[in-house]
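Read the structure below first, then the notes.
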Amino acid sequence: MSEKKMVFFFGGGVAEGDVKMKDLLGGKGANLAEMTRIGVPVPAGFTICTEVCTDYFANERRFPANLDWRVKAALGQVESAMDRRFGDPDNPLLVSVRSGARVSMPGMMDTVLNLGLNDQTVQGLILQSGKPRFAYDCYRRFVQMFGNVVMGVEHHNFEHLIEKAKERLGKVNDVDLSAEDWMGLVAEFKGRIRQKTGRDFPEDPWEQLWAAVAAVFNSWYKPSAVTYRRLHDIPEHWGTAVNVQAMVFGNMGEDCATGVAFTRDPSTGENGLFGEYLINAQGEDVVAGIRTPCQITLSGRQKNQSDQPSMEETMPRLYRELVGMGQRLEQHYREMQDLEFTIQNGKLWLLQTRTGKRSAQAALSIAVAMVNEGLISRDEALLRVEPQTLDQLLHPTLDPEDRVKSQVIATGLPASPGAASGQIAFSADEAEQLAGSGVAVILFREETSPEDIHGMHAAKGIVTVRGGMTSHAAVVARGMGRPCVSGCGSIKPHIEEGRFTVESAGRGLVEVKRGDWLTIDGSRGEVLLGRVKTRQAEMTGDFATFMSWADETRRMRVRTNADTPADAKAARLFGAEGIGLCRTEHMFFDAERIVAVREMILARDEAGRRKALAKLLPMQRFDFEGIFREMKNLPVTIRLLDPPLHEFIPHDHKGQAEVAAALEISEEDVRRRVDELEEANPMLGHRGCRLAITYPEIYEMQVRAIMEAACRLVKQDGFTIVPEIMIPLVGFRSELAIIKKRCVAVCEEVMTETGVRIDYLLGTMIELPRAALRAEQIAQEADFFSFGTNDLTQTTLGLSRDDAGSFLGAYVEQNVLQQDPFVSLDQTGVGQLVEWAVKRGRDVKPKLKLGICGEHGGDPASIGFFERVGLDYVSCSPFRVPIARLAAAQAVLRGAMEKARKKAKLDKNKKRKCKGD
Ligand code: ADP
Ligand code: MG
Ligand code: MG
């Protein structure tokens, strides 16, 4: 360690570090060095690097040998640059001590300002400034900050003393206190510190400095910092750097100020300075909320209807200088910047710059604007927007003005984003009826189950009393793109009476009855009374431009998972290029169909089943026609029946009695059949293509419906349709071969009957490890593979998605799993199987079509993986389509970058080798 460089100076136009050294200098330090290099006025200082921090912790919190003289040397350079001396009673140099990790990290130590002051040096500060009150104000701030941040004395101790002093002196505000008053308070502060800690406030500036540096390092393990790191995956070994920097003063008079500014509006992206400042104030006064800060620009002042003058008005010259500085930094960094500045006696200093955080809306607008300004390339623009954030732009939101006027009556979990208003319905049937008559509906349930699907679909939004983020309601609502607030535990439901009550803050007990208007905000998890206006999301303007660039860049196609024409339509508006998964069972739950479905399941023999299936045929044909029509000539993959049959029969007595009555059979018969169908482990039971092995007539009916619909549209309306028929849960080649033979026979039959010949594909889902392992054999029977990564994850990990909730958290916490494998693909496990199957499949059939239709199809990290293994398309729920389009484009760009990096490395090695020869 001792030979390595530990301390990096910056000041007077030269710096030992630069922006590329963020790992070593932390973000703040690297940028201070960079700004210094390019001639931006930055007070001189130095950075103690992150390796010193790591070393410090490796050696029982001791500073490395040789740090001492290096810091002294660097401080000497700062003294020369600023023409002041640390600890000099006549002309003291004061410094700030600032933490700064690789990435900005809330929870770390607060900055200490004015370090170096004591009873002697404060006299020097009076000499320098000619302002005793200012000097003592700095001194008391320092003792306060140091006492709090370094010595751990809580703020309220000091506040209390200030209040007592004001009372005693008959003064109201801090500004009324004189130099002498503050001098008295400094002594009191020190007394309190001694009382609280048993230690004296250190008068020696060097002792102050070392204690502050150690405090910054120690704050790396402050609980708030540890929590933040865990939440944001920041490794513990990174450590933090410490920046020691000469003070400049924004609190020296009326020609002084301090402020923060973005180079563009962080919520809209509009180009132009955006920020706040305060005249005659120091550092964190702007964010601390002690005084209300003023707007920097005149237009900002007007927007805020502020009666305080803007900086543009009070300091026009410095304002222009700041604008110029912002533009210069933007040009240099080619990114929107977030600046901190201080003005001392009419001179502008910059204290920090970094990439500005922004809303999704602003991120898009800025990316597009910067391409148009010639600042960045399209590729760079595409890489700058986090795909997940697009989600915020796709769902309706509450009109902000209308929202303020409305009342939140309950809060729950933000289970599915978006906002919606409607009249409340208390059952799925009621929701469907109401919606059928053209009314907007909010479905309210204690919790939902598969039997509520049609009601959820009919509703604009869903509220539940019980259930978490992965409850049935949450998962289904997200899939359908319906806003949902789940787990509103404060609501007392009276479902049978068609009402609920809730204890609501400010309103007492509120009762909501059937047909009352309710609004939900699924992005925030709020339920509001009445009808609040919403704003529709639109993919126009910058959004549309940006997405067109993504489309030009990506290789993989993006399809959607959609079961109804309405979902298909929504997905097409978001840019879906086909359907990757159309589940046919959702169609079975429809009120009039479920009777026929149950008749089929309860039939005693094949003839009985065929009779019931014949009733379903025209309905399924109608469904498929609707979907084919909606998708025009885009590809549609239809999965044949997948769930176990018992899911379609009620398990309660009342429901079973109803079924018995409807089918004119005895309740006993229904119950017996339910018992027969019961399975210990339905996920691994009689489902998927296993149903077709035992009851071939089910798939025959479905294939007939698909082909009749397709042939009809081709014949009558001139469509070009290539239906993709998908067999679920295949594990054996022969299994698929048996089913395929029957399907092909039906297809031939239909084509002969209709006199139309069309192309169709017959493929399989790969969702069992055996299917992946035997891909080479299975591919010989299949035209395509679609990776069903939900079930493939369950079956590979031996982990049930429905039951993993109770322990998955612990697995992630203890780092067994980095993430929920149902959200982001387990690339090294499940991914291996995918990769293997892709390779074996293509070995046999180079043109084998390959896609993925699990939840992972909408997850950016997983999409990166699917690009690498060379899938043809991903399929995801409609609202994730734009996310997938962008993620697929980024995957291509990252792949190209990776390739270029590898090639450069190779070339370098080659050259070295040549030289060696
Ligand atoms: P944070 O990371 O919390 O923003 P900073 O280290 O940036 O903490 O410091 C907070 C504020 O302190 C800055 O906005 C700046 O106004 C002020 N400050 C820090 N160093 C100095 C300095 N050398 N001179 C004047 N003000 C400073
Ligand atoms: Mg800062
Ligand atoms: Mg499956």
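Whatever order the structure lists ligands and atoms in, that order sets their numbers, starting from 1.
A cation-pi geometry, defined here as NZ or CZ lying under 6.0 Å from the six-membered ring centre and within 45° of its normal, does not hold between Arg141 and Trp182. With a 6.0 Å cutoff to the six-membered ring centre and a 45° limit on the axis angle, Lys222 does not count as a cation-pi contact of Trp220.
If you number the atoms of ligand 1 from 1 as listed, the ones under 4.0 Å from a heavy atom of Gln352 come out as 4 (O), 7 (O). Set against the non-hydrogen atoms of Ala246, the atoms of ligand 1 under 4.0 Å away are 22 (C), 23 (N).
Among heteroatoms of the N, O or S kind in Glu340, OE2 lies nearest the Mg ion (ligand 2).
A salt bridge is defined here as a Lys NZ or Arg NE, NH1 or NH2 lying under 4.0 Å from an Asp or Glu carboxylate O, and Arg301 with Glu313 meets this definition. Residues Glu330 and Arg264 are paired through a salt bridge, judged by an N-O separation under 4.0 Å between the basic side chain and the carboxylate. Between Arg320 and Glu312, no side-chain nitrogen of the basic residue sits less than 4.0 Å from a carboxylate oxygen of the acidic one, so the salt-bridge criterion is not met. Salt bridge annotation for Arg384-Glu335: present, with a cationic side-chain nitrogen under 4.0 angstrom from a carboxylate oxygen. Comment: Asp181 engages Lys171 in a salt bridge, judged by a side-chain N to carboxylate O separation of less than 4.0 angstrom. Between Lys164 and Glu188 there is no salt bridge, since none of the side-chain N atoms of the basic residue sits less than 4.0 Å from a carboxylate O of the acidic one. Ion pairing of Asp174 with Lys166 is present here, as a side-chain N (NZ or NE/NH1/NH2) and a carboxylate O approach within less than 4.0 Å. Comment: Arg98 does not engage Asp110 in a salt bridge, judged by the lack of any side-chain N to carboxylate O separation of less than 4.0 angstrom.
The proximity of Ser99 to ligand 1, defined as any non-hydrogen pair under 4.0 Å, does not occur for either the backbone or the side chain. Residue Leu113 touches ligand 1 through its side chain alone, judged by heavy-atom distances below 4.0 Å. When heavy-atom distances to ligand 1 are checked against a 4.0 Å cut-off, Leu351 comes that close only through its side chain, counted from C-beta outward. With a 4.0 Å cut-off on non-hydrogen atoms, Gln245 touches ligand 1 through its backbone as well as its side chain.
Polar contact with ligand 1: present for Glu340 (N/O pair, distance under 3.5 Å). When only interatomic distances are considered, the shortest N/O to N/O separation between Arg98 and ligand 1 falls below 3.5 Å.
Not a single N/O/S atom of Thr111, whether from backbone or side chain, sits less than 2.8 Å from the Mg ion (ligand 2).
Nearest to atom 1 (P) of ligand 1 by heavy atom, out of Gln344, Met247, Met145, Lys28, is Lys28.
Among all non-hydrogen protein atoms, the one lying nearest atom 20 (N) of ligand 1 is Ser96 OG, 2.9 Å. The nearest protein atom to atom 10 (C) of ligand 1, hydrogens excluded, is given as Glu284 OE2, 3.3 Å; this is a heavy-atom distance. The protein heavy atom nearest to atom 25 (C) of ligand 1 is Val248 O, 3.0 Å. Closest to atom 16 (O) of ligand 1 among all protein heavy atoms lies Gly283 CA, 3.2 Å. Looking only at protein heavy atoms, the nearest one to atom 9 (O) of ligand 1 is Thr111 OG1, 3.1 Å.
Within the structure, ring-ring contact (aromatic ring centres under 6.0 Å, His included) contacts touching residues 252-274 (residues at least two apart or in different chains) do not occur.
Distances from ligand 1 to the non-hydrogen atoms of Pro43 include no value under 4.0 Å.
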